[in-house]
2 protein chains.
Amino acid sequence: MASRTRAEALSRERIVEAAVALLDADGERGLTFRTLTERLATGPGAIYWHVANKGELLAAATDSVIAGALTTEAVGSSPEDEIRAVALGLFEAIERHPWLSPQLALQLSRSPWGSVTPRIFESVGQRVSALGVPQDTWFTATSALVHYIFGAAAQNAANSRVLGSGVDRAEFLRAAANAWEELDPGEYPFLRSIAGEARDHDDREQFLAGVDLILAGIAVAGPGGSTRP
Amino acid sequence: MASRTRAEALSRERIVEAAVALLDADGERGLTFRTLTERLATGPGAIYWHVANKGELLAAATDSVIAGALTTEAVGSSPEDEIRAVALGLFEAIERHPWLSPQLALQLSRSPWGSVTPRIFESVGQRVSALGVPQDTWFTATSALVHYIFGAAAQNAANSRVLGSGVDRAEFLRAAANAWEELDPGEYPFLRSIAGEARDHDDREQFLAGVDLILAGIAVAGPGGSTRP
DNA sequence: ACCTGAACACCGTTCAAGT
DNA sequence: ACCTGAACACCGTTCAAGT
């Protein structure tokens with residue numbers, strides 16, 4: 001214990017930084033107060049002096065990574081392109097840090113007024129408000145975009161996690177498609193029908209197609225108000 | 001212990017049923033093997049005979065509730081109306097069982113090829129394929145709808161959970177809107193601008209507006225292919 | 001085949017005590 | 001003000017033993 005050199009004074013930032021490293025290395029089960037104290041060469045009490053509990057620590061780790069992903073915004077020519085860039089930035093952040101997706105969902109479902117969700121809503125919402133559609137559609141449009149980004153990125157992260165563990169991508173997609181094709185035709189006609197096209201698709205391309213679909217909806221639903229009869 | 005009447009033989013269904021009841025009563029922290037064995041008047045070993053581990057139990061509980069929500073489909077006149085009905089059914093299931101939303105996100109991000117996600121994709125996707133848009137847009141369209149449903153419902157469930165604990169709805173919305181209005185105008189111009197309209201809105205109405213927005217996008221993006229230049 | 005229940009390894013958190 | 005580290009309550013899971 002005395003042999004371990006203490007780098008510098010403990011701080012909230014250093015703790016969050018270490019937490020992110022542990023999460024990146026081993027997922028959520030990799031982050032415990034035991035592993036954290038070992039890495040920081042302290043006791044649990046020291047961490048509790050800077051952080052209220054584990055939930056707050058996870059929230060802070062999530063917030064830190066998301067903030068980083070949102071600041072690297074490529075300035076696009078159009079609001080649409082900027083929205084695509086922000087969406088892709090979040091998509092890639094979740095791909096790099098797969099533990100983010102359950103965590104984002106937890107933040108969303110536990111305290112949507114926390115710091116992470118507002119940050120993302122603000123970033124997307126600013127571009128939505130620049131699209132030139134009526135203000136009363138801004139919130140709905142932003143919601144649709146943000147929720148789609150979270151969900152699609154989560155699903156993609158799950159795939160790449162499997163792929164990360166030494167599985168061939170083509171083989172994985174083939175296996176998944178085959179599994180879908182072997183579903184009961186009476187019960188799962190839809191999944192069977194799209195199994196073929198799932199076999200060879202580009203994840204990023206597919207993701208952006210969804211963003212574009214929602215952008216198209218915003219453009220058409222905007223001027224005319226609701227499309228519902 | 002001997003005083004407790006054992007209702008009938010233990011089974012996977014009885015265990016899942018008890019798990020749902022515990023989750024409904026106290027959320028995810030309400031379900032432990034201690035509370036479960038007490039409720040079922042057995043030991044942990046008995047439960048492990050029917051269920052592999054806690055993760056599988058949570059997945060089974062989620063699957064059971066979702067299956068119930070999907071079978072109560074109102075047969076609508078148009079595919080659009082049926083999609084709205086399915087969406088609203090899921091929305092209300094998540095509202096009734098708030099523990100569903102983190103759980104659905106977890107299922108999605110851990111094993112999208114599990115039983116819950118395919119079930120929902122199938123139900124929505126069947127209606128999407130009946131919309132008359134080209135087949136190569138089906139998957140994207142279904143993804144956008146499903147992810148939006150999950151995300152928006154999660155956010156709504158978080159709100160109603162706060163409201164459930166004896167907080168007045170109007171007061172809550174006012175407090176949230178006020179909090180948004182007090183954000184740094186330089187950093188959060190968008191959230192500030194929509195704070196007013198958040199003050200009085202109907203949750204279900206708002207949710208369906210998002211579904212309609214995506215439906216509009218499907219209709220317009222469908223025939224012409226991608227809208228991206 | 002199905003169930004019992006003590007035991008195990010591990011976890012988040014607390015707190016009196018130090019500096 | 002900040003840190004130490006033993007201790008506590010609780011958790012999921014196992015397994016030899018029963019029926």
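Remember, predicted model here, so these are calculated numbers, not experimental data. Chain naming here is simple, since letters A, B, ... match the order of the sequence lines and numbering starts at 1 in each.
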Item to check | Intra- and interstrand pairs of DNA chain D - dot-bracket, Watson-Crick/G-U under 3.5 Å, | marks other strand | outcome: ||.|||||...|||||.||
Checklist entry - With sequence neighbours left out, what residues match A/R110 under salt bridge (Lys or Arg N to Asp or Glu O under 4.0 Å)? => result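 Per chain and number, A/R110 pairs via salt bridge (Lys or Arg N to Asp or Glu O under 4.0 Å) with no residue.
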Checklist entry - Is the shortest distance from a Lys or Arg side-chain nitrogen in B/R12 or B/E17 to a carboxylate oxygen in the other one below 4.0 Å? => result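 Looking at B/E17 together with B/R12, the answer is no, because their closest N to O distance does not fall below 4.0 Å.
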Checklist entry - Are any of the side-chain nitrogens in B/E182 or B/R192 under 4.0 Å away from the carboxylate oxygens of its partner? => result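 The answer is no: the pair does not qualify as a salt bridge.
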Item to check | Distance (rounded to the nearest 0.5 Å) between B/F190 CZ and A/Q126 CD | outcome: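 It is 9.0 Å, given to the nearest 0.5 Å.
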Checklist entry - Rounded to the nearest 0.5 Å, how far does OG of A/S123 lie from CD1 of A/I66? => result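 Separation between the atoms: 10.5 Å.
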Next on the checklist: Just so I know, are the side chains of B/V65 and B/W99 near enough to count as touching, which here means a heavy-atom distance under 4.5 Å?
Outcome noted: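 They are in side-chain contact.
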Item to check | Heavy-atom check, side chain of B/T62 versus side chain of B/L106, under 4.5 Å | outcome: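 Sidechains of B/L106 and B/T62: no contact.
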Checklist entry - Between D/dC3 and A/H50, is there an OP1 or OP2 to side-chain N/O distance shorter than 4.0 Å? => result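 Yes.
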Checklist entry - Taking only side-chain nitrogens and oxygens of B/W49, does any of them come within less than 4.0 Å of OP1 or OP2 of C/dC2? => result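 So the side-chain polar atoms of B/W49 do come within 4.0 Å of the phosphate oxygens OP1 or OP2 of C/dC2, strictly under.
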Whole-Å distance separating the [atom1] atom of [X] from the [atom2] atom of [N]:
{"X": "B/R14", "N": "C/dC2", "atom1": "CZ", "atom2": "C1'", "result": "14 Å"}
{"X": "A/L36", "N": "C/dC11", "atom1": "CG", "atom2": "P", "result": "12 Å"}
{"X": "B/R29", "N": "D/dC11", "atom1": "CZ", "atom2": "C1'", "result": "14 Å"}

Checklist entry - For every nucleotide of nucleotides 12-19 of chain C, 5' to 3': is a protein heavy atom under 4.0 Å from its base (B), only from its sugar-phosphate (S), or from neither (-)? => result BBBB----
Item to check | No-hydrogen, no-angle side-chain donor-acceptor test under 3.5 Å, B/H147 and A/Q155 | outcome: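 Judged by distance alone, the side chains do pair up.
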